[in-house]
Amino acid sequence: MKKLLQLGFGLMTVALVTAFVPATPFPSMADETASGQEASEVRNDWIDENLGPGVARWVDGNGNISEQPGKHTEDEAGESQSSAEGQDLNAGTAAEGQQEAGSQESQEQAAAGRQIDPSRPMVALTFDDGPFAPVGNQIMDCLAQYGGKATFFVVGSRVSSYGAELQRMVAEGHEIGNHTNEHKNLTKLSGSQIQSQINQCNDAVQAACGVRPSLVRPPGGAKNSTVLANVQAPVIMWSIDTRDWKTRNTGKTVNAVMSQVRDGDIVLMHELYSQTGAAAIEMIPRLTEAGYQLVTVSEMAALRGGTAPGGVYFHFYP
């Protein structure tokens with residue numbers, strides 16, 4: 001009986017304490033869901049990308065939103081530059097001297113034994129704004145079936161999340177280019193800031209797969225004399241703009257290429273979209289059947305006069 005009285009007294013004490021001590025609030029699942037929908041909770045991705053060129057902004061792994069929107073529709077010379085959904089995240093700066101030579105040797109070794117016929121037509125398929133394994137691996141699977149190679153201009157801040165994909169690119173002889181570290185409009189930056197964007201991306205790629213990019217594609221194609229002076233690597237533009245970031249339509253992306261492709265073209269697409277992956281799967285066999293060799297930018301350049309640091313290249317026509 002004594003034990004029962006003690007137990008009853010204990011229960012009464014707990015009840016009294018609970019009644020008079022304020023409860024500590026806990027975040028509800030609804031709160032978590034709501035906050036998860038806010039742009040501030042996005043990580044390593046774009047926001048506002050559905051609003052058109054010049055609007056999308058990059059959110060890094062810490063939730064920091066880029067000050068400068070990443071999309072632009074024209075460069076200073078009036079060339080059409082529909083920036084890959086504001087994500088041309090690839091500014092590849094060759095490291096200086098021996099580092100640059102080592103990078104080129106590594107990528108050449110990866111493609112050892114590959115035969116390209118200079119007398120036959122060739123096309124360079126390029127994919128910006130990655131890496132993004134769900135689409136990138138799909139593209140590489142198809143290229144492997146048809147003996148093709150591509151160039152992937154990657155954003156440095158995304159690289160650490162997709163190291164295995166970059167390692168596959170190198171192992172299978174694809175080319176990795178630099179699309180800057182945070183996909184910023186380089187024409188809005190100082191010389192030192194431009195160099196920082198390029199070098200950070202190069203460092204991230206080298207850490208992930210052992211290869212240092214030797215080509216750069218500025219986000220949105222935006223460039224000026226300051227950019228060209230500080231990139232210190234060949235600047236690769238494009239001759240066919242699929243506008244895949246805008247249409248998000250497989251058929252339109254395929255038609256944009258097949259309706260006008262010619263020997264020496266550089267084709268602009270973006271790795272982030274499933275529709276682009278589907279388009280690549282359709283156009284790769286069609287281009288191959290039409291007699292085109294699918295080559296990297298550097299492979300084509302080597303057979304068509306080469307490149308130089310600071311030079312700007314839209315195509316490599318014979």
Side-chain angles (χ1 to χ4, degrees), residues 79 90 92-94 100-128 136 139-154 168-179 211-217 221 231-242 253-254 256-269 271 279-318:
E79 295 286 346
N90 199 337
T93 281
E100 181 176 24
S103 166
Q104 294 172 342
E105 289 175 1
S106 297
Q107 297 200 31
E108 289 170 1
Q109 290 170 3
R114 177 166 161 77
Q115 298 296 320
I116 301 173
D117 186 346
S119 66
R120 290 176 51 211
M122 58 191 76
V123 172
L125 301 180
T126 68
F127 300 88
D128 289 4
I139 294 168
M140 286 188 283
D141 286 346
C142 189
L143 286 167
Q145 293 181 45
Y146 292 90
K149 308 299 179 186
T151 300
F152 296 85
F153 287 97
V154 302
R168 178 184 178 183
M169 289 176 186
V170 173
E172 296 188 5
H174 301 291
E175 183 169 30
I176 300 174
N178 183 317
H179 201 42
V211 169
R212 199 168 183 86
S214 60
L215 303 178
V216 170
R217 175 170 285 161
V231 164
Q232 301 173 352
V235 173
I236 306 302
M237 305 297 280
W238 54 86
S239 53
I240 296 180
D241 183 355
T242 63
T253 299
V254 172
V257 176
M258 300 308 301
S259 65
Q260 59 181 315
V261 66
R262 58 175 289 193
D263 184 12
D265 272 328
I266 298 175
V267 179
L268 171 64
M269 290 180 280
E271 192 184 342
I281 288 176
E282 183 175 340
M283 73 175 67
I284 288 168
R286 289 180 60 180
L287 288 167
T288 303
E289 291 166 4
Y292 288 98
Q293 301 172 97
L294 303 182
V295 299
T296 68
V297 171
S298 288
E299 285 176 332
M300 188 159 63
L303 297 171
R304 299 281 173 85
T307 58
V312 180
Y313 305 89
F314 291 86
H315 51 71
F316 292 95
Y317 294 149

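None of the values given here were measured: they were computed from a predicted structure.
- Between the side chain of Thr151 and the main chain of Thr296, no donor-acceptor pair closer than 3.5 Å is present.
- Taking CE of Met300 as the start and CD1 of Ile236 as the end, the distance is 9.0 Å to the nearest 0.5 Å.
- The CD atom of Gln260 sits 7.0 Å away from the CG atom of Asp265 when rounded to the nearest 0.5 Å.
- The backbone N or O of Ser298 sits less than 3.5 Å from a side-chain atom of Glu175, completing a donor-acceptor pair.
- Contact record, Ser239 with Tyr317: CB-OH, 3.6 Å, taken as the closest heavy-atom pair.
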Could you walk me through whether Ile139 and Phe127 pass the side chain to side chain contact (heavy atoms under 4.5 Å, CB included) check? CA-CA 10 Å; Ile139 294 168; Phe127 300 88; 3.4 Å; yes
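- Pro121 approaches Gly291 most closely through the heavy-atom pair CG-O, 3.5 Å.
- To the nearest 0.5 Å, the span separating CE on Met283 from OG1 on Thr288 amounts to 11.5 Å.
- Heavy atoms only, all atoms of each residue included: Thr253 and Thr242 are closest at CG2-CB, 4.0 Å.
- Of the possible polar contacts, one joining the Arg114 side chain to the Gly147 backbone as a donor-acceptor pair under 3.5 Å is found.
- By the 30° and 60° cut-offs, the orientation of the rings of Phe152 relative to His174 is perpendicular.
- Under the salt bridge (charged side-chain N to carboxylate O under 4.0 Å, His left out) criterion, Arg168 pairs with Asp141, Glu172, sequence neighbours left out.
- In this structure, the separation between CD1 on Ile116 and CE on Met122 is 6.5 Å, given to the nearest 0.5 Å.
- Annotation for Pro213 and Val211: closest pair CD-O, 3.7 Å, computed over non-hydrogen atoms.
- The ring-ring contact (aromatic ring centres under 6.0 Å, His included) search around Tyr313 returns Phe316, not counting sequence neighbours.
- From Leu125, atom CG reaches atom CG of Leu143 across 7.0 Å, with rounding to the nearest 0.5 Å.
- Heavy atoms only, all atoms of each residue included: Val261 and Ile240 are closest at CA-CD1, 3.8 Å.
- The residue from His315, Gln293, Arg304 that alone fulfils the side chain to side chain donor-acceptor pair (under 3.5 Å) condition with Asp263 is Arg304.
- With rounding to the nearest 0.5 angstrom, the CZ atom of Arg286 is 12.0 Å from the OH atom of Tyr146.
- Judged by distance alone, with hydrogens and angles left aside, the side-chain atoms of Arg120 form no donor-acceptor pair with the main-chain N or O of Tyr292 at under 3.5 Å.
- Between Pro285 and Cys142, some side-chain heavy-atom pair lies under the 4.5 Å cut-off.
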